[in-house]
Structure formats: structure tokens, C-alpha cells
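Structure record follows, encoded as C-alpha cells.
All residue numbers in this chain count up from 1 along the given sequence.
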Amino acid sequence: MHWALAATIFALGSFAAPTVAADLAKTLRVAISSAEMSFDPQFSADAASDGIIDHIYDSMLDYDYLARPVKLVPRTLVAMPTVEDGGATYVFKLKQGIFFTPDPSFKGMPRELTAGDQAYALKRLLDPAVKSPWLWLIAGKIIGADELHAKARKTGNFDYDAPIPGLEVLDRYTLRIRLKQPDLRFLYVFAVPNTAAVAREVVEAYGLDFGAHPVGTGPYMLGEYRRSAKIVLEANPGFRETTYVPAGPVPPEVMPIAAALKGKKLPLVGRIQITVIEEGQALWLAFANRELDLLERLPPDFVEQALADGKLRPDVAAKGIRHEVVLRPNTRWTYFNMEDPVVGGYTPEKIALRRAIGMGYDVNEYIRVILKGRAVPATSPIPPDIVGYDPGLKTTAQLYDPAAARALLDRFGYKDRDGDGYREAPDGKPLVLERWSLPTSLARQEDEQWKKNMDAIGLKIMFKRDALQELRKMARQGKIPMRTDGWNADYPDAENFMQLLYGPNVGQENHARFSLPEFDKFYDAARRLPDSPERTKLFNRMTELVVAYAPWRLMEHRIEDQLLQPWIRNYKPHPVRSAIWRYVDIDPTQSR
């Protein structure tokens, strides 16, 4: 699972290690609202970890920081990849002279990034032992890759030295990927941080602990590290000489940032201090007390302390604090485990139960009361401003209508047979919904509304809580009956959201474990088409199936409010790439 624009980076480095460009006297202080999962690019799957990974490692492509509309640009490549055979063959040429940060596994020798490292990273996505939630990025695409993956699942051993016909290292710096069929969106895969190159000897040296010992080629490296508490990134002294040059049109409001970055070597600050702060109150107080330089997501329960009618309150603005509103493409939903004996299943009475739960939940109240109005109701899995979104599509089956929910439950035999105020299942057995959530004050408010709304339609609901990383792990294992989660765009296309319900992705990011041949048929057809009205119609059909079978109760698209202290410079949120700390500067003339 993610939101705003990241960067055109041109590396001018040579084989000689450049001197560090960052100002070592400057420390950027930020916070993440959930504990990191891992710094293993191919294993991690949470926004907090991926943002850190994106600064330690390099993907082959990136998004330009300031250009709008969003634009893919080279990162470790000399130029954009060559596209051949109508989109079925891609050739990537890496820059020479990019080096990994030193590590004992390199035995004291400089270790240059090669095409083999990039191929190895993609093979790790295929290795069942890695348990990568990003397999869907390449599954079914690269010639010969699925066969090697299937063999490893059968034998319990993935052969990293076995050739894959569609994954060819042509020379030290050239990688060619051949696909089973054209895929016009395949390049987006290589701007996702989780496809970043890793060194095989480092992975093998640290084994299961590799995720706590990241060794990359990016602008920062891991310094002080206290798991689930504090993470310090230090500027990579061997980082290639890199400056920012916009690769496309820059909106007038960010032209001053482009001018300020012109000719500056990246990154700008010497240290990034990242603190894990899960509770909204603690996060808000840390920023209000000037202990954080950025508040990259204003907690919903503290919106009214900072904003009035969506704008900074005068007393907050008087302190020099600035406000950025990010309409990052995102969708949140409550998913139902389709394999769960209570809420799962494809029979009419099970579909009716999920539909009734959806109609019984008041999303508008949730947005108004709990989110303080900083969201809009979702009517599709696809958020606005994403290719494939149809603003004209109208879906009504999930609108709040408790009377209709009660009537639907009655019709399919969910009735209160013992007079305790709660319905039993059609076979007379007890019926209890089990919803999992986070142990935070905001989640408790959500639980309270769920109980109120479910009580109103006669459904008993109980709540269990755990840390985010545990919940995500349990979801992939099919152990959670019902939970609210969300997704920020990894790339600006509807495919990135519909893959969350694609049958072959069960066990990865398809937490609902939804497997419907008709949905999968439309998804496969959409993957083969260019952006067109025909393709959008396929996404509309998929949306209609989601509404009909109700593996999700669509919730909202959130508005993201970000606050900046007066001394922060060059900060502009990007719709897709959330990790943009490498461009941020601190004005030493402003008091902290």
C-alpha cells in the first residue's frame, strides 16, 4: 500500500566517491504514525517503511518532484527505458558508477550497482520464502517467471541461478525484460520503491535479519535505530552527485521551489530523525511544541485545533506555520473475509448479510463527526484523478439506509429468535460480527460508531485490536473476518486499486480474499488495453461486481492536511510519491 509527486534526478557521479552534499549540521525531524515493518524492499508493505526504503535504496525510475501532471523519470538509469514489440519488451540501461554503501559483506571493496542486482531484486519477488506482498507487480507478466515461482512452491527452494527467459542481464549495466504480452503500464512497476535493487551478498549475509540492515545506493543510509521507536537516516557520503532539474511543466505556485533547488546537490539535510508516534494527541503536541518540523498527516481528531473551514486558524497561521492540502489518490474500505464462516461466502444469504452491514453503516456521519469533514464518500474502489475513474458511474447499493438493511436481513432469515435484541443466523445459530482495529483513540471512536450502527439493525458486533503490522500479517493469512483499511496509489492507474480484489492476489494485498472469475476476466482484459473508454467500462463492470457481491463496504477518499514549521523550505507534497525528504531544506535564520 500509497500519494504526491517525487523527483527528476540526474546523477552526474563518476567512479570516484563524491563528497557528501548535505549539510551535516541540519536535522529534519519527522514522525510516522505506525511502527516500521521492515527495511527489506521486497518484503515491506506499509507506507511508513516504504518511505524510508525510498531514501535508502534506489528504484530504476522515479516521479519528477514538481512536474504536473505526474511524470516518470530515470533514477538509476541513463535514460528512460527502451520500449519494443509494442510494449512487450523493455530494455533498461543503468548508469555506471553508482555504489552501495559500505558493508562487511563487501569485504572492504567498493560495490557497484549492476543489472544483475536489479534482476536479483525481481527474483526475490518471485521467491515464496520472501513472502513478498509485491509479487502481483510482475505475476503473470515476465516470460518464464511464473514457472520458476511455481517450481519453488512445489519444491520449497527457489533457484536464484536458474535462467528466466524473460529476465535477461545483457551486460553489466543492461537488463532486458520480455513479457508474455504487451503491458503499457509496466514501467510504473520500476518507480515503486519495493522493486529497488539489493545486493545478493548482503541479503545472504544477514538472512532473516536483512530487513534491519538495509544497504542501498540511495541518498541516505540507516544510522541510529531503535525498533518501533526511533530511526535516524544519515546522508550517504558516497551518494552520486545529483541535482534536480524539472522534467516537465512546473505549476506557477511551485516555481520558487524549482528556483531554490536549481544547482543544489541532493540531499540537502544531513540527518533525518524519524520518531514513531501512533497516538494523534502525542503527534499533534509534538508538532505544536516544535519538536517536529513536519506534520505530514494532521490527525483527524485534532483537525479543529489547526483548521477552520479547511484553512489554518488565524492563531496557528500567526506562528508562521504553513498548510498544504493533498488530494492524494486514496481509497478506504471495510473488507470482509470471503472465506470467513460468518461474513464470507458467495451464496445469496451471505451476500445479503454483507450488503445489509454496508447499508447499516453511516459513512457520512463517520466523515462529519470522526474525520471532521476531511474526506469525501467513496463510490468506487478507484479514487478520482486516477486513469480509469469514471465520475459518471453511479453506485447506490451501499448508501446508508438502515430500514432497507433491516428489511434485507429479515428477508434472508436473519431474525432475533431469542428476544435479546440481536439477530441469529438463518439456521438459528448465534451471529456475532468480529471487527479488528488498531489500539488508538481514533480507532476506538470508529468502533463506537460501528457498534451504534450495527445495534440499530440488530447485529451484534465485537472488537479485537492489534498493532498495524500484525493486522496486515494476519490479513494476508486470512485470519481477519472484518477490518477497515486503505490504499494510496503506487501508480496513477485504476489497475493499482483493482488488483486489491483480483483473485490471484489472495494471500498478498487481496485481504478480502475475493475470488470471482468474472471480476478476474474483466481485470485481465483491462490489463491488455490502452487507456480508453472501452477500458474504463471494464473497470465500471468490476466496480458493479464489488457493489453486488460486497467484499468491501466502500468508505471514503481522505483529504490529507500537512503542516510545516516556518523554517521548512522546498516542501511540496506529491500525489504519488510520499517520500520527498531529500528535497527539503531548513532555513537556519528561522528560530526552531
Side chains of R68 and K572 in contact at under 4.5 Å (non-hydrogen atoms): yes
Taking the side chain as C-beta and beyond, is there a heavy-atom pair between D490 and W134 under 4.5 Å? yes
Looking at D401 and M359, would you say the former's side chain and the latter's main chain have a donor-acceptor pair under 3.5 Å? no
Distance alone, cut at 3.5 Å: any donor-acceptor contact between the side chains of N540 and T543? no
Using a distance-only test with no angle check, is there a side-chain donor-acceptor pair under 3.5 angstrom linking Q281 and S441? no
Neighbour count above 12 (heavy atom, 6.0 Å) for Q590 CD: yes
Under a 4.0 Å N-O cut-off, is there an ion pair linking D62 with R75? yes
Could you check whether atom CG of D385 has more than 12 heavy atoms from other residues, nucleotides or ligands sitting under 6.0 Å from it? no
Nearest non-hydrogen partners of N364 and P377, listed with the distance: OD1-CG, 3.3 Å
Mind checking the OG-CD spacing from S49 to Q469? Nearest 0.5 Å is all I need. 5.5 Å
Inspect the contact between R577 and D54 and indicate whether a charged nitrogen and a carboxylate oxygen are less than 4.0 angstrom apart. yes
Looking at every non-hydrogen atom in both residues, tell me the closest pair between L501 and P551 and how far apart they are. CD2-CG, 4.0 Å
Are the aromatic ring centres of F514 and F519 under 6.0 angstrom apart? yes
Below 4.0 angstrom, N of the basic side chain to O of the carboxylate: do E279 and R444 qualify? yes
Show your reasoning for whether salt bridge (charged side-chain N to carboxylate O under 4.0 Å, His left out) applies to K452 and E365. CA-CA 12 Å; K452 180 182 75 171; E365 181 186 18; 2.5 Å; yes
Would you kindly say whether S437 and D447 are connected by a side-chain donor-acceptor distance under 3.5 Å? yes
Walk me through it: do E434 and K464 pass the test side-chain contact (heavy atoms from CB on, under 4.5 Å)? CA-CA 7 Å; E434 180 183 300; K464 294 185 177 181; 3.7 Å; yes
Rounded to the nearest 0.5 angstrom, the CD1-CE distance for I461 and M482 is 4.5 Å
Any salt bridge between R322 and E324, counting N to O under 4.0 Å? no
Side-chain touch V584/L268, heavy atoms, less than 4.5 angstrom: no
Quick check against the 3.5 Å criterion: does K264 have a side-chain atom that pairs as donor or acceptor with the backbone of A260? yes
Side-chain heavy-atom pair R29, I274 within 4.5 angstrom cut-off: no
Return yes if a side-chain donor-acceptor contact under 3.5 Å exists between Y225 and E36, otherwise no. yes
Nearest 0.5 angstrom please: L283 CG to T440 OG1, how far? 11.5 Å
If we only count heavy atoms from C-beta on, is the F463 to K451 side-chain gap below 4.5 Å? yes
With a 6.0 Å cut-off on the ring centroids, do Y57 and F39 count as close? no
Hey, are R374 and D561 close enough for a salt bridge, meaning a charged N less than 4.0 Å from a carboxylate O? yes
Evaluation steps, side chain to side chain donor-acceptor pair (under 3.5 Å), between Y571 and E296: CA-CA 11 Å; Y571 186 89; E296 294 180 284; 3.1 Å; yes
Looking at the rings of Y361 and W450, which for Trp means the six-membered one, are their centres under 6.0 Å apart? yes
Which word best sums up how the rings of Y335 and H511 line up, parallel for under 30°, tilted for 30 to 60°, or perpendicular for over 60°? perpendicular
Atom pair CD1 (I52) and CG (L222), whose distance is rounded to the nearest 0.5 Å: 8.5 Å
Does E304 CD have over 12 foreign heavy atoms under 6.0 Å away? no
Pair K26 + D587, salt bridge at N-O below 4.0 Å: no
Please tell me if the side chains of F497 and W487 come closer than 4.5 Å, counting only heavy atoms from C-beta onward. yes
Do T484 and W436 come within less than 4.5 Å of each other through their side chains, counting heavy atoms only? no
Taking all non-hydrogen atoms of both residues into account, name the closest pair between I277 and A31 and its distance. CD1-CB, 4.1 Å
Residues R185, D531: salt bridge by 4.0 Å N-O rule: no
Contact between I559 and V326 at the side-chain level, heavy atoms closer than 4.5 Å - yes or no? no
Closest approach of V189 and T195, non-hydrogen atoms and distance? O-OG1, 3.1 Å
Apply salt bridge (charged side-chain N to carboxylate O under 4.0 Å, His left out) to the pair R558 and E560, showing each step before the final yes or no. CA-CA 6 Å; R558 284 198 181 178; E560 190 173 304; over 6 Å; no
Heavy-atom closest pair (T379 atom, L554 atom, distance to 0.1 Å) is C-CD1, 3.6 Å
Tell me the closest heavy-atom pair linking L431 and K460, and the distance in Å. O-CB, 3.9 Å
Taking the side chain from D493 and the backbone from N496, do they hold a donor-acceptor pair closer than 3.5 Å? no
Atom OG1 of T334 and atom CD of Q398: how far apart are they, to the nearest 0.5 Å? 9.5 Å
Between CD of E495 and CD1 of I386, what distance do you get to the nearest 0.5 Å? 11.5 Å
What class does the angle between the rings of F287 and W284 fall in, given that below 30° is parallel, 30 to 60° is tilted and above 60° is perpendicular? tilted
Applying salt bridge (charged side-chain N to carboxylate O under 4.0 Å, His left out) to E224 and K230, what does each step give before you reach the verdict? CA-CA 8 Å; E224 181 184 352; K230 182 180 180 181; 3.5 Å; yes
Below 30° counts as parallel, above 60° as perpendicular, anything between as tilted: where do the rings of Y491 and Y188 land? parallel
Yes or no on side-chain contact (heavy atoms from CB on, under 4.5 Å) for L563 and H323, after CA distance, side-chain angles and deciding distance? CA-CA 5 Å; L563 302 184; H323 176 214; 3.9 Å; yes
Is it true that D485 and R472 have a side-chain N and a carboxylate O under 4.0 angstrom from each other? yes
Assess the side chains of D455 and Y422: does a donor N or O sit below 3.5 Å from an acceptor N or O? yes
Passes salt bridge (charged side-chain N to carboxylate O under 4.0 Å, His left out), R435 versus E446? Steps please. CA-CA 11 Å; R435 182 176 188 270; E446 296 177 10; 3.8 Å; yes
Evaluation steps, side-chain contact (heavy atoms from CB on, under 4.5 Å), between L393 and T395: CA-CA 7 Å; L393 179 65; T395 55; 4.3 Å; yes
Under 3.5 Å donor-acceptor, R592 side chain and R290 backbone: no
Donor on one side chain, acceptor on other, N505 and Q499, under 3.5 Å: yes
Salt bridge or not for R271 and E234, using N-O below 4.0 Å? no
Charged N to carboxylate O under 4.0 angstrom, K372 versus D301? no
